[in-house]
Every structure is written in structure tokens, then in C-alpha cells.
Chemist: 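Handing you a structure now.
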Number of protein chains: 2
Amino acid sequence: MEQLRKAITTISPLSHESMDVYLSAWKHWSVAKDHYLLREHAVSDYIYFIKKGVARIFYHKNYKEITEWIAMDEQFFLSITSFFNRTPSHLVIHTLEPSEMYGIHHNDFMRLADQYHDIERLLRKMVTSSLILSQIRVDSIQFESAQQRYDRLLKYSPRIIQRVPVSYIASFLGVTLETLSRIRSAK
Amino acid sequence: MEQLRKAITTISPLSHESMDVYLSAWKHWSVAKDHYLLREHAVSDYIYFIKKGVARIFYHKNYKEITEWIAMDEQFFLSITSFFNRTPSHLVIHTLEPSEMYGIHHNDFMRLADQYHDIERLLRKMVTSSLILSQIRVDSIQFESAQQRYDRLLKYSPRIIQRVPVSYIASFLGVTLETLSRIRSAK
DNA sequence: AGGTTCGTTTGATATATATCAAATAAAGAC
DNA sequence: GTCTTTATTTGATATATATCAAACGAACCT
């Protein structure tokens, strides 16, 4: 729990009381490699924090798997539309290594944000970071070539490339695996 | 100011006190058609609300104008990255009709959010809506054809098409004006 | 160790959209 | 109302990436 506490404090510090009630709302999962942590949830309304390992978050679209995010290294992640709109995303979380993670349910988070000003502020800052990332992604998809998107990933998340199969990275970058393979061999 | 008050209340209701201090932090501009409301700002750190008229929000990228948003009908809008990251976006706001709008400065909004829990909640909800829109846009750019994106605009914002030149709409949809012209004539 | 499955690379072709260029059409100026 | 500028349409070609298909390589199974 210490890593989660630290990650939260970095985003926005909480009072002792807020931190206590907030942390106790988080659940913990510890799973093996190749485990489908969340398949049963039709609507995914958790925010997750990955303590250890690697997880791939994907959903199905036209009978294909779309990798929405690859989480590792003490990151927070969530299915944005599913979490906030409460619409089904059929989100799947699949571990690529033995992993540990925490999760907090939408209802708990909202209830606490309502009670504690500093938890509301924390939530606002988390949503804001997410929004900035989303905007960067819009820009990247709209104006960058597949090559440039790969270079960006290589620059900002070099460890993903070492630990995750090419096919998942391709989907995450929004290209086919063949195209990504060609990009990599051209180097 | 009544429309602004109402729009705020719809997102998240405020106490009388909060609403008073909050509304008084908003500035008002009234401008003619074809007016560059914000050209001088290298960093745009306002959230705007358009009361009347139509405005195009764009920035320059590789010597081209990229239409980031077309605002009308009592909408809020902002340059996300510029507002939250305080990085220069060289955002330009250009009115396409005689228009009236309000704006609140980043510093004022943050100060009030810090003081009043309900203003913090309002900010969180505004950021959340923005995030959901941004995600829809990611999805749209990544998986929809130009035709489908145009159809979506036609469905959800039919008035934009009537009041805004094709070239701006094309840029907003992320296609060239030639392509948009072909899409329209194919109907 | 050999066979089977899974992941990656390589090749040929198709497709959507961009780019370049020119022709119309519409709008604004005097 | 004609002239000039600006916006839109139409046409020909180029380009990045997808799709389909096959070959190759690596990893896991008993």
C-alpha cells in the first residue's frame, strides 16, 4: 500500500484522515501471468493502480482486440468512458507478467470526493492528467505517422517495448502488426 | 450572465456564496464578426463560454491552420494543453459572427477551487466532460473514415455545417477540404 | 528431440486520403 | 453590374498503411 500512498501524494497530498479513509477503499489483487483479471465486468467502473508487473487493457471492436493501454511501473489506469459514463466497454485486463494491483470502485471514489475536499481535488487532478494524455494522443494519431508514434513510445516508454509482444504494441499504436514490423526492421 | 449561471448549474450546482464569487471572476467580451479575439496570447490560460455567435479556435502547425474547435450555442471551450500545462499553444480565437463571450483565468479558477469544495467539484466535472469528449475524438480519428466523421458531425452538430465554411469544418474533422468536398457531393 | 502452436517477418496488392493543379462558383469591391 | 478575390468542386496522381498470403523463427509440450 505504501507505493499507492506515495503515488497519490505525488498527484495531490491528502490530510491524514482523508488518506486513511481513501486508502481503505482500495482493494488488492495478486495474480499470475496470463491471467484475465477483469473479464466478467461488462461495465468497468474501477480505477486501477498497478503495483508490480505488466497489464494490457483492451476491448473488442469489430471482432478485433484493441489495446487501449499497457500499464506498468506504478501507474494509474482506467477505461475512461466506462468509468465516467457508466457505459459498457467490455474492458478486459490481462496480465503479461505475474502482477499485483489495486482498484477503487467508482461509487466509493465519488462518495469520498463528496465528503472530502482534498479527495475531490485529487480526483480532479487525476482526471486532468488523463485529459492531457488523451489530448496528446489525439494529436499523435492525427498528425504523426506510424513511424513517429513508434519513436515517441520508444522515447517515453522504452521498457514497454522490451516487455510486451509486438502485436500488442502495434494495436496500442493504432497500426497493424505487419506495419510495425516493417517500421522496426527499417531501423 | 444568466446563461452562464444556468450552464454552470447544469454541470454542477453551486451554493449562493460560491456562485457569486465564481461569476464575478468571469470577464466579458463582445466583438464583431471576423474579429481575432485572442491572438496576442502566447499562452492561452482561459476557459471560455460563448454566449452568442460562433467562434473558431485554431492554432498553427507546420504553417497550416488547425481548427481545434468550433464553438457556438452556449458552450464552454478551452485549449486543454495550454490551460492545464501552461504551455504555449498560440491559440487563436476568431469570430465567424458577431459574438459575445465570457472567460475565466486559470489562476482565478484554481484559487476559487481551492477555497470552495463545490467549485472544485464543478471544475472536476468540467474536466471530466472534456475528457470524455477527447476520448470520443480519439476513437473517431482512429477508427472512423472521413465519411463517418462527417456523418457524426452532421448528426450531433447540424448547425455547425450551416454556419461555418467548409474549409474550417474540414480542418476540424482532420481532412483536406478537397476530401470533404467529395464526401459532401457524394450524398 | 521432434512436432505443434504462436509470434514475427517479408512480399504483393488494394484502398483511403493527401497532394498538386485547374476549373467553376460565390461573394465582396468599386 | 462588372471586376476581383475567395471558396468550392473536379480531376489526375502519389503515398502511407491495410489487407491478404506465405515463409520463417522461436517457444512450449509430452
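From a predicted model like this one, the values you see are computed outputs, not experimental measurements. Basis for what follows: all heavy atoms, side chains included, without hydrogens, waters or symmetry-related copies. Just so we're on the same page: letters track the sequence lines, and every chain starts at 1.
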Chemist: Starting at atom CG of B/L177, determine the distance to atom C1' of D/dT9, rounded to an integer number of angstrom.
Modeler: 10 Å
Chemist: Clusters formed by hydrophobic residues whose side-chain heavy atoms approach within less than 4.5 Å: which one holds A/I141, and what are its other members?
Modeler: A/V138, B/V138, B/I141
Chemist: Applying ring pair (Phe, Tyr, Trp, His ring centres under 6.0 Å), name anything that partners A/Y59, two or more places apart in sequence or on another chain.
Modeler: none
Chemist: State whether A/K51 and A/E100 are salt-bridged, where the test is any N-O pair (Lys NZ or Arg NE/NH1/NH2 against Asp/Glu carboxylate O) under 4.0 Å.
Modeler: yes
Chemist: According to salt bridge (charged side-chain N to carboxylate O under 4.0 Å, His left out), does anything in residues 107-120 of chain A pair up with another residue at least two apart or in another chain? List the pairs.
Modeler: A/D108-A/R111, A/D114-B/R121, A/E120-B/R121, A/E120-B/R124
Chemist: Which residue in the set B/F76, B/Y102, B/W29 passes ring pair (Phe, Tyr, Trp, His ring centres under 6.0 Å) when paired with B/Y46?
Modeler: B/W29
Chemist: For the pair B/Y22 and B/F109, evaluate ring-ring contact (aromatic ring centres under 6.0 Å, His included) and give the outcome as yes or no after the intermediate values.
Modeler: CA-CA 8 Å; B/Y22 184 64; B/F109 205 152; 5.2 Å; yes
Chemist: Taking protein heavy atoms under 4.0 Å as touching, what does nucleotides 12-30 of chain D look like 5' to 3' if B marks base contact, S marks sugar-phosphate-only contact and - marks none?
Modeler: B----SSBBB---------
Chemist: Side-chain donor-acceptor pair under 3.5 Å between B/T81 and A/Q135, yes or no?
Modeler: no
Chemist: If the condition is side chain to side chain donor-acceptor pair (under 3.5 Å), which residues does B/E65 pass it with, not counting sequence neighbours?
Modeler: B/R56
Chemist: Strictly below 4.0 Å, heavy-atom distances to any atom of DNA chain D: list the hits from residues 161-173 of chain A, or just say none.
Modeler: none
